[in-house]
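Below: one structure, written as structure tokens.
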Amino acid sequence: MEQPTALLELKDFKVHFHASHEKTTVVKGVNLKIQPGEILGLVGESGCGKSVMSQSLMRLLEYSADVSYEGNILFDGQDILRMNPQELRKVRGNEIAMIFQDPMVSLNPVFTIGNQIEEVLKEHTRLSKKERKSRVLELLGLMEISEPARVSKQYPHELSGGMQQRAMIAIALACEPKLLIADEPTTALDVTTQAQIMKLLQKLNLELGMAILFITHDLGLVYESCHRAEVMYLGQTVESAPGRDLFELPKHPYTKGLAASIPSLTGARKEKLPVIPGIVPSLKENLGGCAFAKRCPYATEKCFQQIPPVFSIGEGRAIKCHYDIDQGVSLL
């Protein structure tokens, strides 16, 4: 059966930061695909490269760092890394949009919510001023905001965290992008508001057919919301699986550690929650073998000496590991 054409495809994608005549590779040869209308979860600890990679998809890092890239970012058949500034402007905020972690930092405090949504429409569409005003109210209504006319005239500081995040989503959706990058959009929100935002994103995915790259620490959200998931560690993906399979039957030792650290809601688990020992190594450290070996309870001498390739372990599943721990066998 012929595979559908991916909306977004990364091919051996690398990101390098340059400082003091040194080059540090922070994303190390990532390969992944997002299909049209798909929700792909990207999971991992802080410092694993998730946000750096997501911002690189629109080349946003170039404004704040000396950065270079290798590989390909193919979006709708075009390589974003080969685009000139004019071509990039047509993609950013129009065909690819992003929701950042903290809406209070991302929203401009001196402009009203309506003005900030309208700015995107003015940049990327040919709507008249009257049509833009109408579209602003339509978008706020789509965010399930009960009084869109009032909210459009308010400033960010006048809104709650949940309302600010809904406003950020409205800005991102203004031009009906093909791909929405959601970088931990519920991190700063309470549990109830978090559930409302996730339900809203799933609804928009279904109704608009919009693909979503959902970045999170929470495997539970991946289980509930994502069609597929990629686990990232130290700038590389170490496991790929359907969202529910990743939660119910993790394969890579790192994913197993993440899953084991999730608290039980039934009260059945009374012992202390397990944690993954150690911390994410420095990106400048030359590890020589598997990036996770120092923290892995299953590591052997081979793990410290050889970088594992990516192995397919079933339909839609792959791990970057020398062993299938569950089967107790080497994958080589």
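A salt bridge links Arg89 with Glu123: at least one charged nitrogen is closer than 4.0 Å to a carboxylate oxygen. Looking at Glu147 and Lys153, no side-chain N of the basic residue comes within less than 4.0 Å of a carboxylate O on the acidic one, giving no salt bridge. Ion pairing between Arg59 and Glu62 holds under the 4.0 Å rule for side-chain N and carboxylate O. Classification of Glu119 and Lys122 as a salt-bridged pair fails, no side-chain N sitting under 4.0 Å from a carboxylate O.
Using a 4.5 Å heavy-atom cutoff, the side chains of Leu60 and Ser56 are not in contact. Considering only heavy atoms from C-beta on, Met168 comes within 4.5 Å of Ser106 through its side chain. Looking only at side-chain heavy atoms (C-beta outward), Leu258 and Val43 come within less than 4.5 Å of each other. Within the 4.5 Å cutoff, the side chain of Val91 has heavy atoms near those of the Met83 side chain. Ile99 is not listed as a side-chain neighbour of Asp183, based on a closest heavy-atom distance of 4.5 Å or more. Contact annotation: the side chain of Lys178 never approaches that of Pro36 to less than 4.5 Å [non-hydrogen atoms, C-beta and beyond]. Taking 4.5 Å as the limit, some side-chain heavy atom of Leu213 sits within range of a side-chain heavy atom of Leu57. Looking at heavy atoms from C-beta onward, Cys321 lies out of side-chain contact with Phe311 at the 4.5 angstrom threshold.
With Gln164 contributing its side chain and Pro156 its backbone, the two residues share a donor-acceptor pair below 3.5 Å. Within the 3.5 Å criterion, the main-chain N or O of Gly44 finds a donor-acceptor partner in the side chain of His217. Remark: the backbone N or O of Val27 is not paired with any side-chain donor or acceptor of Lys14 at under 3.5 angstrom. Glu95 places no side-chain N or O within donor-acceptor distance of the main-chain N or O of Leu179, the cut-off being under 3.5 Å. Side chain of Asp245 to backbone of Ala241: no donor-acceptor contact under 3.5 angstrom is found. In this structure, Asn31 contributes its side chain and Asp12 its backbone to a donor-acceptor pair below 3.5 Å. Looking at Asn72, its side chain never comes within 3.5 Å of a backbone N or O of Leu74 through a donor-acceptor pair. Counting only distance, with no hydrogens or angles, the side chain of Glu239 and the backbone of His252 share a donor-acceptor pair below 3.5 Å. Checking side-chain atoms of Thr25 against main-chain N and O of Lys28 turns up no donor-acceptor pair under 3.5 Å. Side chain of Arg135 to backbone of Leu121: no donor-acceptor contact under 3.5 angstrom is found.
Residues that satisfy the ring pair (Phe, Tyr, Trp, His ring centres under 6.0 Å) test with Tyr233, not counting sequence neighbours, are Tyr254, Phe292. Applying the ring pair (Phe, Tyr, Trp, His ring centres under 6.0 Å) test to Phe100 and every residue at least two apart in sequence or in another chain returns nothing.
The 12-atom threshold is not exceeded at CD1 of Ile279, counting heavy atoms of other residues, nucleotides or ligands nearer than 6.0 Å. Environment of CZ in Phe304: crowded, with over 12 heavy atoms of neighbouring residues, nucleotides or ligands closer than 6.0 Å.
Taking each heavy atom of Lys320 and Pro308 in turn, the nearest pair found is NZ-O, 3.1 Å. Taking every heavy atom of both residues into account, Gly162 and Ile197 meet most closely at O-CD1, 4.2 Å. The shortest heavy-atom contact between Val280 and Ser46 is CG2-O, 4.0 Å. Between Leu204 and Met210, the closest heavy-atom pair is CB-CE, 4.1 Å. The two residues Arg295 and Pro277 make their nearest non-hydrogen contact at NE-O, 2.7 Å. Across all their heavy atoms, Gln202 and Glu224 have their closest contact at NE2-O, 3.1 Å.
With values rounded to the nearest 0.5 angstrom, Ile73 atom CD1 is found 4.0 Å from Leu81 atom CG. In this structure, the separation between CZ on Phe13 and CD1 on Ile80 is 9.0 Å, given to the nearest 0.5 Å. The structure places CG of Leu137 at 12.5 Å from CG of Leu142, a figure rounded to the nearest 0.5 Å. Here Lys133 contributes atom NZ and Glu138 contributes atom CD; the two are 15.5 Å apart, rounded to the nearest 0.5 Å. Residue Ile307 holds its CD1 atom at 9.0 Å from SG of Cys290, rounded to the nearest 0.5 Å. Between atom CG of residue Leu221 and atom CD of residue Gln194 there is a gap of 5.0 Å, rounded to the nearest 0.5 Å.
Annotation: cation-pi geometry not satisfied between Lys251 and Tyr323 (NZ/CZ under 6.0 angstrom from ring centroid, within 45° of ring axis).
The cluster map of Ile, Leu, Val, Met, Phe, Trp and Tyr, joined by side-chain heavy atoms under 4.5 Å apart, puts Val310 and Val238 in different clusters.
Side-chain contact of Ser240 with Glu230: a donor-acceptor pair under 3.5 Å is present, judged by distance alone. Side-chain N/O atoms of Arg228 and Gln35 include no donor and acceptor closer than 3.5 Å. If you check the side chains of His16 and Ser68, you find no donor sitting under 3.5 Å from an acceptor. There is a side-chain donor-acceptor pair under 3.5 Å between Ser128 and Glu131. The closest side-chain donor-acceptor pair between His322 and Gln306, if any, does not fall under 3.5 angstrom.
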Test salt bridge (charged side-chain N to carboxylate O under 4.0 Å, His left out) on Lys203 and Glu144 and set out the steps.
-> CA-CA 11 Å; Lys203 176 184 176 184; Glu144 300 177 350; 3.2 Å; yes
